[in-house]
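Just so you know, residue 1 is the first one in the sequence shown, and it goes up from there.
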Amino acid sequence: MKLSAEDREKVAAYRATLGKYEKPSVTADIVAVRPAFGELRDDQWRENPKFALEILLIKRGMWPYEGYWALPGGFIQGKNSETVEEGAERELLEETGLKARTLIPVGVFSDPERDMRSWVISNAFVSVHKRGEGDEVRGGDDAREAKWLRIEFPTVGGGVFTIPFYEDGKQLFTLRGKYREEEFGGGVVTQIDENPLAFDHGKIIATAFLRMLSFDTRKLVFFFLPEKFTLSDYIGVYQYLTRYSIEPGNIPNFRRQLTEKKDPLLEVCEGEFEDLDGRGHAAAKLYRRRS
């Protein structure tokens, strides 16, 4: 935008008054998530792999919170350099080597005490990734390490949440707390019982979960599936996100709800079936999201 001489004078006069206001720093934090599946034993051909989510965390390599797990993120560069979204993408790439996908806003975190160094306002985002994407993440910039930690059996409901984190099959820590349900945006975290992460990143992760679960879960499932998938794949993700078990006898009705309604979500990939990779049962049909 080209400024007139009058505008330039007014801008200069306005900036001369800014010294009387305290100015916060601005950061972006990214909750990168992807699907994780348990491995099948040789005798489990007729069982579905267990669906779970993984969140990408870094281990900080410098003060403050050196050695603590944290979300990837950092300070947004100066005026006219980048937007908050661009800064989020850059920080995720610099600290982990992972390229961001579509960024879903989680919220703004502005508690004056959230960072011991100064007043720092964080803009948090979710970045959803496909299975296997980011297998080569590594710590970079001020991150000593980057690793996908698995979340199994989370519970969210009735104003209480429990989110257990696992590293290499062993429980590492658990986020527990309370939230207030809201009609828009999923809910507001009101209490974290214990925050084992740097800054307020435990609150950000819990808020991200509430935010995701406020979406239409039947459509949210697609974020965690490949372009073509089996009905069992879809059901596995749906059950994890809703904490609702679909009994085998109810699967035909559930399938009809997804494929035969006035505005169906799924359509059959005609003549296409899953790759059994040596497994000993009949190949299942492949589906895709209806466009």
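Linking Ile, Leu, Val, Met, Phe, Trp and Tyr whenever their side-chain heavy atoms come within less than 4.5 Å puts Phe161 and Leu71 in one cluster. Cluster annotation: Ile58 and Leu93 are assigned to distinct hydrophobic clusters (Ile/Leu/Val/Met/Phe/Trp/Tyr, side-chain heavy-atom contacts under 4.5 Å, transitive). No continuous path of ILVMFWY side-chain contacts below 4.5 Å connects Val33 to Ile30, so the two sit in separate hydrophobic clusters. Residues Val126 and Val108 fall into different hydrophobic clusters, defined by Ile, Leu, Val, Met, Phe, Trp and Tyr side chains chained together at heavy-atom separations under 4.5 Å. When hydrophobic clusters are built by joining Ile, Leu, Val, Met, Phe, Trp and Tyr residues whose side-chain heavy atoms come closer than 4.5 Å, directly or via intermediates, Leu172 is grouped together with Phe209.
Of the candidates Arg289, Lys285, Arg290, Glu267 forms a salt bridge (Lys or Arg N to Asp or Glu O under 4.0 Å) with just one, namely Arg290. A side chain to side chain contact (heavy atoms under 4.5 Å, CB included) with Phe109 is found for exactly one of Ile121, Thr207, Val189, Val120, namely Thr207.
In Lys219, the NZ atom is not crowded: 12 or fewer heavy atoms of neighbouring residues, nucleotides or ligands sit closer than 6.0 Å. Around atom NZ of Lys10, no more than 12 heavy atoms belonging to other residues, nucleotides or ligands sit under 6.0 Å away. Under a cut-off of 6.0 angstrom, the local environment of CD in Glu136 is sparse, with at most 12 non-hydrogen atoms contributed by other residues, nucleotides or ligands. A 6.0 Å sphere centred on NZ of Lys178 holds no more than 12 heavy atoms belonging to other residues, nucleotides or ligands. The local environment of CZ in Arg114 is crowded, with over 12 non-hydrogen atoms from other residues, nucleotides or ligands closer than 6.0 Å.
Shown here are the salt bridge (charged side-chain N to carboxylate O under 4.0 Å, His left out) partners of Glu167, two or more places apart in sequence or in another chain: Lys147. The ring-ring contact (aromatic ring centres under 6.0 Å, His included) test applied to Tyr238 returns Phe254, not counting sequence neighbours. Remark: Glu86 engages no residue in a salt bridge (charged side-chain N to carboxylate O under 4.0 Å, His left out) (not counting sequence neighbours). Remark: Lys228 engages Cys269, Glu272, Leu286, Arg288 in a side chain to side chain contact (heavy atoms under 4.5 Å, CB included) (not counting sequence neighbours). With sequence neighbours left out, Tyr240 forms a ring-ring contact (aromatic ring centres under 6.0 Å, His included) with Phe51. Partners of Phe165 under the ring-ring contact (aromatic ring centres under 6.0 Å, His included) rule, at least two apart in sequence or in another chain, are Phe173.
Among residue pairs with one or both ends in residues 56-79, those qualifying as ring-ring contact (aromatic ring centres under 6.0 Å, His included) are Tyr65-Tyr68, Tyr65-Phe199; sequence neighbours excluded. Sequence neighbours left out, the pairs with a member in residues 95-109 that pass side-chain hydrogen bond (donor to acceptor under 3.5 Å, both in side chains) are Arg101-Glu133. Pairs passing the salt bridge (Lys or Arg N to Asp or Glu O under 4.0 Å) check and including a residue from residues 246-258, sequence neighbours excluded, do not occur. Applying the salt bridge (Lys or Arg N to Asp or Glu O under 4.0 Å) test to pairs two or more places apart or on separate chains, those with a residue in residues 63-72 are Glu66-Arg144. Residue pairs satisfying the side-chain hydrogen bond (donor to acceptor under 3.5 Å, both in side chains) criterion with at least one member in residues 116-128, sequence neighbours excluded, are listed as follows: Asp29-Ser122, Asp115-Arg117, Ser127-His129.
Scanning both residues, Met116 and Pro64, for their nearest heavy atoms gives SD-CB, 3.9 Å. In plain terms, the two heavy atoms of Asp7 and Leu3 that are nearest each other are CB-CB, 4.1 Å. Between Asp193 and Gln191 the shortest heavy-atom distance is OD1-NE2, 2.5 Å. Taking all atoms of both residues into account, the shortest heavy-atom contact from Pro24 to Glu22 is CD-O, 3.8 Å. The two residues Thr162 and Pro164 have their closest heavy-atom pair at O-CD, 3.7 Å. Taking all atoms of both residues into account, the shortest heavy-atom contact from Phe222 to Leu265 is CZ-O, 3.9 Å.
The main-chain N or O of Ala143 is never found under 3.5 Å from a side-chain atom of Asp141 such that the two would form a donor-acceptor pair. Checked by atom type and distance alone, the side chain of Arg90 never pairs as donor or acceptor with a backbone atom of Glu94 at under 3.5 Å. In this structure, the side chain of His201 does not engage the main chain of Ala70 through any donor-acceptor pair within 3.5 Å.
Counting heavy atoms from C-beta on, the side chains of Trp148 and Leu53 never come closer than 4.5 Å. Considering only heavy atoms from C-beta on, Tyr287 stays 4.5 Å or farther from Leu258 through its side chain. With a 4.5 Å cut-off on side-chain heavy atoms, Val31 and Ile204 count as touching. Met212 places a side-chain heavy atom less than 4.5 Å from the side chain of Leu220.
Distance check: Arg131 CZ to Arg34 CZ gives 9.5 Å after rounding to the nearest 0.5 Å. Put simply, CG on Leu57 and CD on Glu145 are 10.0 Å apart, with the number rounded to the nearest 0.5 Å. The CD1 atom of Ile55 sits 13.0 Å away from atom CZ of Arg150, with the distance rounded to the nearest 0.5 Å. Distance CD1/Ile151 to CD1/Ile163: 6.0 Å, rounded to 0.5 Å. Note that the OG1 atom of Thr155 and the CZ atom of Arg176 stand 9.0 Å from one another [nearest 0.5 Å]. Here the CG-CZ distance, from Asp233 to Phe224, works out to 14.0 Å after rounding to the nearest 0.5 Å.
Taking Ile, Leu, Val, Met, Phe, Trp and Tyr as members and joining any whose side-chain heavy atoms lie under 4.5 Å apart, directly or through other members, the hydrophobic cluster of Val84 also contains Val26, Ile76, Leu103, Phe125.
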Given salt bridge (Lys or Arg N to Asp or Glu O under 4.0 Å), test Asp168 with Lys170 step by step and report yes or no.
CA-CA 6 Å; Asp168 300 328; Lys170 296 182 179 180; over 6 Å; no
